[in-house]
Amino acid sequence: MVECVNLKKKYMTVTAVQDISLSIESGKVYALLGPNGSGKTTLMKMIAGLTRQTSGTLLYEGLPIGVESKKHIAYMPTESYFYSYMNCIDIGKYYRDFFEDFSMDKYRALLGEMELDEKQKASKMSSGMMAKLKIAATLARDSRLIMLDEPLNGIDIIAREKIINTIMASADGHRAFILSSHLVDELEKIIDYAVFIKKGTVIMQGDAEALCQESGKSIVELYKSIYA
């Protein structure tokens, strides 16, 4: 689905991503793992078409990332990006205007699962509520690739479990998920493929189960051994 070959992204004198190669296949859940500032968000923004690589090759279904690929890739950033006047229904209409694959019915169902009031303004929400709102809006799209940047940030333990279950219910054979997080213990049970990124470079990647078997360590233990 997505092919990254020797990707590099440089901002003036800072290199955010250095020589990353990665293949994304349908039907799998990928985890970009690493501390803040490791390059996870930059990589996701390049795949989403929000920023261009300095060098390297980045393809979606064999074609360069561009207008067409954006129709099939849903990206949820860490930042809040809704206008202050918007309530939940306004946000649904906003998404519906931009994305052909957005389902208002699915969105409203997800709002109910997340226990969010349809009439509440985004500007009045807590960080945890805002995180759930962004997830609902993103998962209401029928996209081939769904990328969630730090989807569990600011969310309590009980709500995290609900969000993970919602993500898994949305996972199927025709789409792929990319999740970035430093909350590794929460993601370990649902991921198929782990990518450990450090200072913009992939330190280790592979099938999650195979990595655990080969190393004799859990994904959490591997994370600690790489970053501690």
Side-chain angles (χ1 to χ4, degrees), residues 26-33 36 40-41 44-45 47-48 50 70-192 219:
S26 298
K28 293 186 178 181
V29 178
Y30 294 77
L32 303 182
L33 305 174
N36 293 334
K40 306 187 301 296
T41 294
M44 296 176 90
K45 285 185 175 180
I47 295 172
L50 298 178
K70 290 181 181 180
K71 295 178 181 179
H72 309 287
I73 298 175
Y75 169 61
M76 187 199 83
T78 55
E79 303 89 351
S80 174
Y81 48 90
F82 303 126
Y83 293 109
S84 59
Y85 70 84
M86 287 181 165
N87 62 24
C88 291
I89 293 301
D90 293 328
I91 289 165
K93 293 176 181 177
Y94 181 77
Y95 264 72
R96 186 176 61 191
D97 288 344
F98 274 93
F99 304 111
E100 294 178 4
D101 61 359
F102 181 82
S103 167
M104 182 64 83
D105 290 339
K106 185 175 181 181
Y107 173 63
R108 297 182 83 157
L110 287 166
L111 290 178
E113 289 181 24
M114 300 291 185
E115 299 179 352
L116 295 173
D117 183 350
E118 293 184 353
K119 296 181 180 180
Q120 184 168 1
K121 287 191 174 183
S123 59
K124 303 297 183 182
M125 290 184 174
S126 66
S127 59
M129 294 169 71
M130 176 58 70
K132 291 191 286 186
L133 173 59
K134 291 191 299 179
I135 289 170
T138 306
L139 294 185
R141 290 186 59 191
D142 186 27
S143 304
R144 293 282 318 283
L145 174 61
I146 295 177
M147 299 191 293
L148 305 176
D149 196 355
E150 299 287 356
L152 304 178
N153 267 13
I155 297 177
D156 62 77
I157 294 174
I158 296 173
R160 284 180 196 171
E161 186 174 340
K162 181 175 291 187
I163 286 170
I164 287 173
N165 290 338
T166 301
I167 291 171
M168 291 308 298
S170 301
D172 55 41
H174 90 285
R175 65 175 64 185
F177 274 84
I178 301 178
L179 313 175
S180 81
S181 184
H182 55 271
L183 300 172
V184 190
D185 53 335
E186 301 286 352
L187 294 184
E188 181 168 11
K189 56 192 174 186
I190 68 168
I191 64 173
D192 300 302
I219 295 296

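The figures here come from the full heavy-atom set of this structure, side chains too, leaving out hydrogens, waters and symmetry mates.
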Take Lys93 and Met104 through the test side chain to side chain contact (heavy atoms under 4.5 Å, CB included) and record every step on the way to the result. CA-CA 8 Å; Lys93 293 176 181 177; Met104 182 64 83; 3.9 Å; yes

Under a 3.5 Å cutoff, is there a donor and acceptor pairing between the side chains of Thr78 and Asp149? no

Does the side chain of Arg144 pick up a donor-acceptor pair with the side chain of Ser26 at under 3.5 Å? yes

Identify the two heavy atoms, one from [X] and one from [Y], that lie closest to each other, and give their separation to 0.1 Å.
| X | Y | answer |
| --- | --- | --- |
| Tyr107 | Gly92 | CE2-CA, 3.5 Å |
| Ile178 | Met44 | O-CE, 3.6 Å |
| Tyr85 | Asp90 | O-OD2, 3.8 Å |
| Leu183 | Ser181 | N-OG, 2.8 Å |
| Ala137 | Phe102 | O-CE1, 3.6 Å |
| Ser80 | Met130 | OG-CE, 3.7 Å |

For [Y], is there any backbone N or O sitting under 3.5 Å from a side-chain donor or acceptor partner on [X]?
| X | Y | value |
| --- | --- | --- |
| Lys121 | Ser84 | no |
| Asp97 | Tyr94 | no |
| Lys106 | Leu139 | yes |
| Lys40 | Ser180 | no |
| Ser143 | Ile146 | no |

Verdict with supporting geometry, Cys88 and Met129, side chain to side chain contact (heavy atoms under 4.5 Å, CB included): CA-CA 11 Å; Cys88 291; Met129 294 169 71; over 6 Å; no

Are any non-hydrogen side-chain atoms of [X] and [Y] less than 4.5 angstrom apart?
| X | Y | value |
| --- | --- | --- |
| Lys132 | Lys162 | no |
| Leu133 | Phe82 | yes |
| Arg108 | Ile89 | yes |
| Val29 | Leu187 | no |

Taking atom CD of Glu161 as the centre, does the number of heavy atoms from other residues, nucleotides or ligands within less than 6.0 Å exceed 12? no

Would you call Arg175 and Asp142 a salt bridge, taking side-chain N to carboxylate O under 4.0 Å as the test? yes

Under-4.0 Å salt bridge between Glu100 and Lys71: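 The answer is no: the pair does not qualify as a salt bridge.
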
CE/Met114 to CD1/Ile163 distance, rounded to the nearest 0.5 angstrom?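 The CD1 atom of Ile163 is 5.0 Å from CE of Met114, to the nearest 0.5 Å.
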
Pairwise distance OH(Tyr75) to NZ(Lys70) - rounded to 0.5 angstrom: 12.5 Å

Should the ring pair Tyr95 and Tyr81 be called parallel, tilted or perpendicular, given that the plane angle runs from 0 to 90° and is split at 30 and 60? tilted

I would like to know whether Ile190 and Leu179 meet side chain to side chain contact (heavy atoms under 4.5 Å, CB included); could you show each step before the answer? CA-CA 10 Å; Ile190 68 168; Leu179 313 175; 3.9 Å; yes

